Each structure stands twice: as C-alpha cells, then as structure tokens.
Number of protein chains: 2
Amino acid sequence: MGDAHEDLQPPARLRALTSWQAHKVSTVGARMTARHMPLTARSDFAVLAALEEYGPLSQADLGRRLGLDRNDVSGIVTRLHTGGHVDREANPEDRRRNLVTVNKTGLRYLDEIQRNADKAQAELLSGLDANERRQLHALLAKALEAHRGEPA
Amino acid sequence: MGDAHEDLQPPARLRALTSWQAHKVSTVGARMTARHMPLTARSDFAVLAALEEYGPLSQADLGRRLGLDRNDVSGIVTRLHTGGHVDREANPEDRRRNLVTVNKTGLRYLDEIQRNADKAQAELLSGLDANERRQLHALLAKALEAHRGEPA
DNA sequence: GGAAAGCGTTGGGCGACCCAACGTTGTGAG
DNA sequence: CTCACAACGTTGGGTCGCCCAACGCTTTCC
C-alpha cells in the first residue's frame, strides 16, 4: 500500500538528457559546497589554483585558462585583492596588463578551500565507489576535451 | 616553433574536481542548446515532459518532480500558459491547487524542443563514442540517485 | 472553532554567463 | 611617423537558475 512519500522521479525525457544530468550534478555539488564555504570560494579557488600552477598571469590569461569572461575575472581578482590573497600590479613590459600573483595568505586560503572542496566532493559522489568515480571523471574529462578553447 | 595558440589547460586542481567538470559540461551544454533555441525552452521542456508523462499535476507536484522551487514553477507555468501550451485551472477537489495540463500545442512544442535538445546533446557529446556515452549517462544517474528528493 | 500546514504568488538576493561600451596602451602597415 | 587596429581592464547591463521570506487563500486536523 501507498508508499508514504511516492518516489517522485523526474520524467524519462529529462533523465535521458546528459546535459540535464550534468546540470543536476553541478547544482547538487554547489549545495554540498555551500555547506562548507561561501559559494564565491569556487571562483576564488579557480583563480588561485591557476596562479599557483602557472605563476603570475594577466587577467585575460586567467580568463582564457579558466573559461571565464574578462568581466567576471575582474570582479574575482578585485575580491581576492581586497581580501589580501593576491597582489595586482601593472606589468612594466606591457602596461595594458595586470600581473596577478598569489601571496602566502592566498596559498593558505587555497589549501583551505581545497580541503572543503574535497569534503563536498566526497558527499557529492557518495553513491559511487572508487572505480566508478575514476570512470566518471575520465569520461567527463574526455567530453570536455572536445570543447577546449571554445568561447571564453 | 611555438604552438601558435598555446594549450591553455585549466589548472590540475580544477580538473580534479568532478563538481567542476560537471559544471563545465553543463554550461557547454547550455551553449549548444542556445544555438538551437532560447534557453527558456529548457524549463519549458522539463515541465512539459513531466505533464506528458504523469498527466495533469499541481505546480507544487511539478516542483517536487523536477527539483524546482514553487516560485520558479509559477513563472514557467505562466509563460507556458501565455504561449498557449498549457491549460491551468483550479482543482475543484482542492481549490488551493492549480491543475496544469498540456494541450496539443504544448505537445507539438515539446517534440520540437526534443529535436533541438537531441541536436545539442549530440554536439555536446561529440567526443565520446556510443559506449562511452552510455557509461557516462549511467554513472551520472547513479551519482544523482544518492541525492534524490533532497531539497526542492 | 481555531491552529497548523499546504498552495500559488510576488519580491528580492545571489552567482554564473554573456554582450556592449569606454579609455588606455601596445602593434603593425602604409 | 602616423594612424588605424587590436588587446587589456573596467563598468554597466541583461538573462537564467537557485534560494529565502512573506502574503492571502484553502484545507486539514485536533
């Protein structure tokens, strides 16, 4: 007799769309993330990770690297600079560009975000075992490969 | 020699996050979708698909089914109703609820969106063969399973 | 009968994406 | 050398999705 709280499955046409699945996974991920840190930390993480791995970059390069618009990069860098995580100075060799650099505070912040992101990730993927997680990761990476350097 | 357009890979820390990958796949999917139809068609598709599969529903049920907020369902249903795709009438057995029903126009619209969604999907997954697509789909479904009926 | 809960609606905030414009600065062609 | 062109960073704006809060109405449950 009546399951108290019927199953409430989404319609088949929706479940069939990989794009919709990815969207759902993404927003569930955002929810898990929000339980550990403010959502803005996600863009902070992206920028700081890029600066840590590739060294000082201009904002335009950051945008290309991360697939973000110059506009939005501007805001993120301003936020990071205000928070003391990043130094921003004019590039003497090309005064159009800003040279953005992570400092020690920023690196500590980066590691903190990393820890929280790992927690959120574990919660998000709680339904998959280690093998499945690796497969999912590989398949997503391959799907993205086909679209590298597409817009900005 | 310099490769003319350096590779511009995102940082490893980012690539390692499944949540970030899913987000990227989702927004690339949105971009592909936008090449075939207005983006609002995505929510239209969700609502129409639910109504087609489960019959007339209240807006609250729609929200639960699709994982959307009542607030947003309200706007979507209004848009669909204005466009003539959906009938909305008070449920005589419970006058709090609206009974939302797809009509013939709505079903034609649904099929049109389906065709465009399929095109977008094909472009999105162009890097994967049929097997990989099935695997990706199954893994995403399994990951989502663990989070069913979570918020609203 | 009255409190509690559910419904649909409105208004608002936030993050991410994207477009357009501006002033500044470098580049390259004539 | 000059002048058109391109790239950079910034600002302002628009959209879409998610989420919270409040309201008035209706139903349900004690």
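Each chain gets a letter, A, B and so on, in the order the sequences are listed, and its residues count up from 1. In this text the structure is predicted, and so the values were computed from the model without any measurement.
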>> Could you check whether any side-chain heavy atom of Leu57(B) comes within less than 4.5 Å of a side-chain heavy atom of Leu51(B), counting everything from C-beta outward?
In response: yes

> Are any non-hydrogen side-chain atoms of Tyr54(B) and Asp61(B) less than 4.5 angstrom apart?
Replying inline: no

> Of the nucleotides dC17(C), dC19(C), dG9(D), which has the atom closest to the Ala60(A) side chain?
Replying inline: dG9(D)

Name the atoms and distances for all side-chain donor-acceptor pairs under 3.5 Å in residues 85-93 of chain A, with sequence neighbours left out.
{"unit_1": "Arg88(A)", "atom_1": "NH1", "unit_2": "Gln59(A)", "atom_2": "OE1", "d": "3.2"}
{"unit_1": "Arg88(A)", "atom_1": "NH2", "unit_2": "Thr78(A)", "atom_2": "OG1", "d": "3.4"}
{"unit_1": "Asn91(A)", "atom_1": "OD1", "unit_2": "Glu93(A)", "atom_2": "N", "d": "2.9"}

>> Measure CZ/Arg35(A) against P/dC19(D) and give the value in whole Å, please.
In response: 12 Å

>> Strictly under 4.0 angstrom, non-hydrogen atoms only: write out the protein contact profile of nucleotides 9-15 of chain C, one letter per nucleotide from the 5' end, B, S or -.
In response: BBB---S

> Within this structure, what is the CE-to-C1' distance between Met32(A) and dC18(D), rounded to whole angstrom?
Replying inline: 14 Å

>> If I take atom CG in residue Leu99(B) and atom C1' in nucleotide dC7(C), what distance separates them, rounded to the nearest angstrom?
In response: 13 Å

>> Looking at dT27(D), I'd like to know if its phosphate oxygens (OP1 or OP2) sit under 4.0 Å from a side-chain N or O belonging to Arg95(B).
In response: yes

>> Tell me which one of Asn116(A), Asp111(A), Asp118(A) satisfies side-chain hydrogen bond (donor to acceptor under 3.5 Å, both in side chains) with Gln114(A).
In response: Asp118(A)

> Between atom NE2 in His81(A) and atom C1' in dT10(D), what is the gap in whole Å?
Replying inline: 15 Å

>> Whole angstroms only, please: what is the CZ-C1' distance between Arg96(B) and dA4(C)?
In response: 11 Å

> Could you state the CG-C1' distance from Asp69(A) to dA20(C), rounded to the nearest angstrom?
Replying inline: 11 Å

>> If you assign each of Arg97(A) and Lys24(A) to its closest nucleotide in DNA chain D, which residue comes earlier from the 5' end?
In response: Arg97(A)

> To the nearest 0.5 Å, what is the distance between CZ (Phe45(B)) and CG (Leu17(A))?
Replying inline: 5.0 Å

>> Going by the rule ring pair (Phe, Tyr, Trp, His ring centres under 6.0 Å), which residues pair with His23(A) if we only count those two or more places apart in sequence or in a different chain?
In response: none

> Are Trp20(B) and Leu39(A) joined in one hydrophobic group, where the rule is that I, L, V, M, F, W and Y side chains link up if heavy atoms are under 4.5 Å apart?
Replying inline: no

> Nearest-Å distance, CG (Leu62(A)) to P (dA7(D))?
Replying inline: 18 Å

>> Can you measure Asp61(B) atom CG to dG6(C) atom P for me and round it to whole angstrom units?
In response: 13 Å

>> So, OP1 or OP2 of dC17(C): does either fall under 4.0 Å of a side-chain N or O from His23(B)?
In response: yes

